[in-house]
> 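What follows is a structure written as structure tokens; I'll ask about it next.
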Amino acid sequence: MNAQKLIDTARTLVAGDKGLLAMDESNPTCNKRFAKLRIPQTVEARRAYRELILTTPSLGECVSGVILYDETIRQQKKDGTPFIKVINDAGIIPGIKVDAGAKDLAGHPGEKITEGLDGLRDRLVEYSQIGARFAKWRAVIAIGDGIPSRGCIEANAVALARYAALCQEAGLVPVVEPEVLMDGDHTLNRCGEVTEEVLRTVFNQLHTQRVMLEGMILKPNMVFPGLTCPQQETVDDVADATVRCLLRAVPAAVPGVAFLSGGQSGELASAHLNAMNVRFKSRIPWGLAFSFARAIQQPALEIWRGEQAHELAAQQALLHRARCNGAARRGEYSGAMEKPGQDQRPAEITRIGIKKAGNP
Ligand code: 13P
């Protein structure tokens, strides 16, 4: 293991005001999102969409790394240029999702365990040879009546830690993603308690499995009330609860925290990240960054709808969301950036308003 290389890559992923773009939807998830917009669910449509994303001009200005899926990392542009070359040429670090998805956890109704450890060592070697420099594994934890159970939290934490150790052995920076889901009517406090317990358990296991904290990135959820909780909180309340939880559970040696968006609208995700950086940046040991999928991609996907004629507008929408999140890292994002003409970039597609959280 080359420790310094891991540390350098992890730091670069969260340097300055950049963050990660997750574009690692599995084929079934990507197809589901395409189906909603009547986009053909074919290999070629998925390839064309990923080419649109990766060839967005200036993407590297605010995106440090992209997370790919197994199908995508092996694909090329229409002109034959491998996606990996396109990414590197844009000054972006290629990464890869390596988990095999969340399956029912035996003996634990309503709970999931993420699979994919079998054969992982060999797959990591192959991905590294193709050009990946970091990897991602997502665990999901649901909140509900009597859940999450200790059994679910511990099983997922052990899997995350074993994955992270294997990544570092292979020279890939692990992006450790324990996602506490937003579904349910639980309060902000309940989400905070569960997220804190999950993070404490994950870091215990990372320590037990001898994972070098300086060479990893944490990808957590923000601390949120459940989507159907009658009491929704302000942006500042979410920012405070999230940072309080992280300060209690995340060691200072971790270089960066890159949030998932979890189904929030792009505008709300940017507003939350901005509030955290405005209120806490000078008092926290790690960079607070983004690793959003839907909160960066969704407007672009809705504009594209599989039509070549919409590609440019879709790229502009994608870049706009990436830039909004770059501004949020600096604590300079505001709703005014969402109004056409107000962000000094009149050529860009912008979207209005802050939508209520919810799955797109
Ligand atoms: P969202 O930002 O859409 O939650 O996706 C992040 C991700 O990578 C999920 O694994």
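Side chains are part of it too, since the values below use all heavy atoms of this structure and drop only hydrogens, waters and symmetry mates. Atoms within each ligand, like the ligands themselves, are counted from 1 in listed order.
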> Does an N or O from K136, backbone or side chain, lie closer than 3.5 Å to an N or O of ligand 1?
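Yes, at least one N or O pair falls under 3.5 Å.
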> Would you say the rings of F224 and H272 are close, in the sense that their centroids are separated by under 6.0 Å?
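They qualify: ring centres under 6.0 Å apart.
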> For the hydrophobic clusters of this structure (ILVMFWY residues joined by side-chain heavy atoms under 4.5 Å, transitively), does one cluster hold both I130 and L120?
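They do share one cluster, since a chain of ILVMFWY contacts under 4.5 Å joins I130 to L120.
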> Looking only at heavy atoms, what is the nearest atom pair of E267 and Y333, with distance?
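Reported closest heavy-atom pair: O-OH, 3.7 Å.
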> What residue and heavy atom of the protein are closest to atom 5 (O) of ligand 1, and at what distance?
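Checked against all protein heavy atoms, atom 5 (O) of ligand 1 sits closest to A293 CB, 3.3 Å.
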> Indicate, as side chain, backbone, both or neither, the part of E179 found under 4.0 angstrom from ligand 1 when only non-hydrogen atoms are considered.
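The answer is neither.
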> Geometry only, no angles: is F292 polar-contacting ligand 1 at N/O separations under 3.5 Å?
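No, there is no polar N/O contact under 3.5 Å.
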> Using a heavy-atom cut-off of under 4.0 Å, does the side chain or the backbone of K97 touch ligand 1, or both, or neither?
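Neither part.
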> Run the numbers on E51 and R46 for salt bridge (charged side-chain N to carboxylate O under 4.0 Å, His left out), then give the verdict.
CA-CA 9 Å; E51 175 169 343; R46 292 192 296 273; over 6 Å; no
> Which word best sums up how the rings of W304 and Y49 line up, parallel for under 30°, tilted for 30 to 60°, or perpendicular for over 60°?
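W304 and Y49: parallel rings.
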> Step through the shown structure and confirm whether more than 12 heavy atoms of other residues, nucleotides or ligands are within 6.0 Å of NZ on K85.
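12 or below, so no.
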> Counting neighbours of CZ on R38 that are heavy atoms of other residues, nucleotides or ligands and sit closer than 6.0 Å, is the number greater than 12?
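12 or below, so no.
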> Do R200 and E197 meet the salt-bridge criterion of a basic N to acidic O distance under 4.0 Å?
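R200 and E197: not salt-bridged.
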> One residue to check: R294. Relative to ligand 1, which of side chain, backbone, both or neither has a non-hydrogen atom less than 4.0 Å away?
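Both backbone and side chain of R294 come within 4.0 Å of ligand 1.
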> Please identify which atoms of ligand 1 are closer than 4.0 Å to at least one heavy atom of R138.
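Reading through ligand 1 atom by atom, the close ones are 9 (C), 10 (O).
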> Looking at A22, which atoms of ligand 1 are within less than 4.0 Å of one of its heavy atoms?
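In order of numbering, the contacting atoms are 8 (O).
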> Should E177 be counted as touching ligand 1, given the test is an N or O pair under 3.5 Å?
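E177 vs ligand 1: N/O contact under 3.5 Å present.
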> Counting heavy atoms only, which of S261, A139, G263 comes nearest to atom 1 (P) of ligand 1?
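Ranked by closest heavy atom to atom 1 (P) of ligand 1, first place is S261.
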> Around atom 4 (O) of ligand 1, find the nearest protein heavy atom and jot down its residue, atom name and distance.
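Heavy-atom neighbour on the protein nearest atom 4 (O) of ligand 1: G262 N, 2.6 Å.
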> Would you indicate which of Q264, K219, Q297 comes nearest to atom 8 (O) of ligand 1 when only heavy atoms are counted?
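Looking at heavy atoms only, K219 sits closest to atom 8 (O) of ligand 1.
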